[in-house]
Amino acid sequence: MKGMRRRHARERPQDPKEPKKNKIQRLKEVLPLAWTLVRPRLPALGLGLLLILISRSAGLVLPATARVFIDDVVTGAKPEKMRFVFVAVFAAALVQAACSYLLFRVLTVRTIELVADLRTRGIAHLIRLAVPFFDKNRTGALLPRVLHDIEALRLLIGSGFIDFAGGVFFAALSAVYMWTISPRLTLVALTGLLAFLALLGWAFWGIAGSYGDRAKLLAETSGRLSEVLSGIRVIKAYRAEERESTAMAASVAAMRDNAIEMATNNRVFSFWSTTLVGALGLGLMSMALSEIREGRLTLGGLTTFSLLLGFVNGPVYMVVALAGQFADALVSIERLQGILNEPGEAVTPAGAPSTSPLRAAEVKGHVAFENVTFEYRPGEPVLRNVTLVAPPGTATALVGPSGAGKSTIMGLLAAFYRPQSGRILLDGHDITTLPLSDYRAHLGVVFQDTFLFDATLRENVLFARPEATQAEFEQACLSAHVEEFASRFNDGYDTIVGERGVMLSGGQKQRVAIARAFLANPRILLLDEATSNLDSESEALIQKGLESLLPGRTTFVIAHRLSTVRSCQQILVLDHGEVIERGTYADLLRLGGRYASMLEQQTATPTPL
């Protein structure tokens, strides 16, 4: 592997059998979501459109008065019309200014709220997605899709759409007015503009894919950079700064090439459009000269016609800007829709009882696996027909080599995953038929990879049960021996622990996680190497704390140090996803099988200096 050039294992490759969607298909797929975004805001959009139409209509006053000013006032034929010109222009300016302010209040604020609502909706849905989704997608690549991409929608649905609609209306009025001045010039001008629009459509159809590539490249680069920064300690420890910088440079170079391609396409379009407009201008000038010599057009009429032609050109040039916004918005909606279409966890499964059977007073904590088979990838089972029974208040240890399926059992118990076959029961109820929130309310989890939020010690412990009393909080910290190191900080429990708890040692983070589990007061406790990051002294303290927590709770423990689970009521030895031995510590020693062999190897291995 060479730095970050490696393909991320979680990214789903393009299925060669899956037909590539064309632009029309993509547009049809995103239109329903776009309509759901626009529909609640139709009144605001309608009012905004009305304001822009009034403003644009007022804009016609300037070219209309220009004709009067030149033909009547400047020539001295009717100098008294100067007052009319002044009042009309000033009134039109006031109307346009008022409409502009009201348009901001009505439309801009609404579109900003739209973006905020979309971000809130996207983030909320993202948080509710099941764990397998995050196993397959890089976190850093998801962030732009719910934070940055949808900004393009604000410009398109808000000011972009309304300005364009108002511009088209204004162009139509201007074209009608131009026809009254000179039908011949108007016909030539409109023919040239239609050719310009055809050129624009051809250019946009060709570069629309580049906008989609830009968003994907940005997400990919963002995801890779997030991964690099998260693993900065590993990178520095192995002197890989240059390798990773080079690999990141390759991602940036791909973005650069995409930007150059888009800029080149834009310049080609600009070349042909400028040539077309120049040729159209020369043709109109020669025709206008002929019209004036033949007496069918006055100098004031030519001035007004020229101003109106600019107004007709306005929407055409606006389409150039809107083409990029439309492409960005199309990609943004498509990428956001990709997240919103992901099925979230079934918080309340279909067929779940109307009254939850998991009331705290009724849950005993009897856990059973019935022929459970599970696979992360189709055809590659990680667990095979696992059956176990954990009576209430007992401790069950899971041991075995790496990859045996121990953490997978924990993930299934936490309802992160669902088995392909078999059932997991709590007090006789299949957990897949229970409301997730009710089931997880009885869980306490301590993971091997301890995660702490960038918050205070207090907030990290209280995360399990924010409504806990001060006495309960202090008791949890006392039981997990958190107060031992918290008291040494100047801010005590109000000390900020940093991102992922970077300001704490591994053992301190583990103790905070255990205090969090203490505070949850769970009926079922899952300990995934809960003491793996502790020194011998701290481990002894935590073991005493756990001894006070375990009674009355059904506990599952993953332990690589086999001597630490001798007090468990049953020990399951797993290998290749199957339970190959089970029994008490004494039973397994008498059996003289895999567990006894592993224990002998551990005790015979000298402790490294």
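Quantities reported herein were computed from a predicted structural model and do not represent experimental measurements.
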[atom1] of [X] to [atom2] of [Y]: how many Å apart, nearest 0.5 Å?
{"X": "Leu599", "Y": "Gln601", "atom1": "CG", "atom2": "CD", "answer": "10.0 Å"}
{"X": "Ile409", "Y": "Leu526", "atom1": "CD1", "atom2": "CG", "answer": "11.0 Å"}
{"X": "Phe489", "Y": "Met503", "atom1": "CZ", "atom2": "CE", "answer": "8.0 Å"}
{"X": "Leu425", "Y": "Ile431", "atom1": "CG", "atom2": "CD1", "answer": "8.5 Å"}
{"X": "Leu478", "Y": "Glu484", "atom1": "CG", "atom2": "CD", "answer": "10.5 Å"}
{"X": "His442", "Y": "Asn521", "atom1": "NE2", "atom2": "CG", "answer": "11.0 Å"}

Sequence neighbours left out, what passes salt bridge (Lys or Arg N to Asp or Glu O under 4.0 Å) with [X]? Give chain and number order.
{"X": "Asp491", "value": "none"}
{"X": "Arg423", "value": "Glu370"}
{"X": "Arg582", "value": "none"}

Checking [X] side chain against [Y] main chain: does a donor-acceptor pair fall under 3.5 Å?
{"X": "Arg511", "Y": "His481", "result": "yes"}
{"X": "Lys364", "Y": "Asp427", "result": "no"}
{"X": "Gln570", "Y": "Val389", "result": "yes"}
{"X": "Glu375", "Y": "Gln420", "result": "no"}
{"X": "Arg440", "Y": "Ala415", "result": "yes"}

What's the shortest heavy-atom distance between [X] and [Y], and which atoms?
{"X": "Arg516", "Y": "Phe451", "value": "NH2-O, 2.9 Å"}
{"X": "Ala468", "Y": "Leu519", "value": "CB-CD1, 3.7 Å"}
{"X": "Thr554", "Y": "Gly393", "value": "OG1-N, 3.3 Å"}
{"X": "Asp528", "Y": "Ser407", "value": "OD2-OG, 3.5 Å"}
{"X": "Thr408", "Y": "Leu383", "value": "CG2-CD1, 3.9 Å"}
{"X": "Leu527", "Y": "Thr555", "value": "CD1-CG2, 4.1 Å"}

Legend entry - Set of residues satisfying side chain to side chain contact (heavy atoms under 4.5 Å, CB included) with respect to Met255, sequence neighbours excluded: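 Met255 satisfies side chain to side chain contact (heavy atoms under 4.5 Å, CB included) with Leu217, Leu218, Thr221 once adjacent residues are dropped.
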Inset, instruction - Starting from the C-alpha separation in whole Å, work towards a yes-or-no answer on side-chain contact (heavy atoms from CB on, under 4.5 Å) for Phe518 and Val461. - result: CA-CA 9 Å; Phe518 269 104; Val461 174; over 6 Å; no
Inset, instruction - Might you work through the side-chain contact (heavy atoms from CB on, under 4.5 Å) test for Ile524 and Leu413, ending with a clear yes or no? - result: CA-CA 9 Å; Ile524 302 170; Leu413 283 168; 5.7 Å; no
Legend entry - Ile424 vs Thr432 side-chain heavy atoms within contact, under 4.5 Å: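 Sidechains of Thr432 and Ile424: no contact.
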Legend entry - Non-hydrogen side-chain atoms of Leu388 and Phe556 separated by less than 4.5 Å: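 Side chain of Leu388 against side chain of Phe556, heavy atoms only: contact under 4.5 Å found.
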Legend entry - Within residues 468-478 or reaching into it, pairs that qualify as salt bridge (Lys or Arg N to Asp or Glu O under 4.0 Å) - sequence neighbours excluded: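 Qualifying pairs: Arg465-Glu472.
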Inset, instruction - Give a yes or no on whether Phe463 atom CZ has more than 12 heavy-atom contacts from other residues, nucleotides or ligands under 6.0 Å away. - result: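 Open.
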Legend entry - ring-ring contact (aromatic ring centres under 6.0 Å, His included) against Phe374, all qualifying residues, sequence neighbours excluded: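 ring-ring contact (aromatic ring centres under 6.0 Å, His included) check on Phe374 returns Tyr376, Tyr417.
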Inset, instruction - Could you verify whether a donor N or O on one side chain and an acceptor N or O on the other, from Arg458 and Tyr493, lie under 3.5 Å apart? - result: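 Arg458 vs Tyr493: no donor-acceptor pair found between side chains.
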Inset, instruction - Please assess Phe473 against Val482 for the test side-chain contact (heavy atoms from CB on, under 4.5 Å), listing each intermediate value before the final yes or no. - result: CA-CA 11 Å; Phe473 165 77; Val482 173; over 6 Å; no
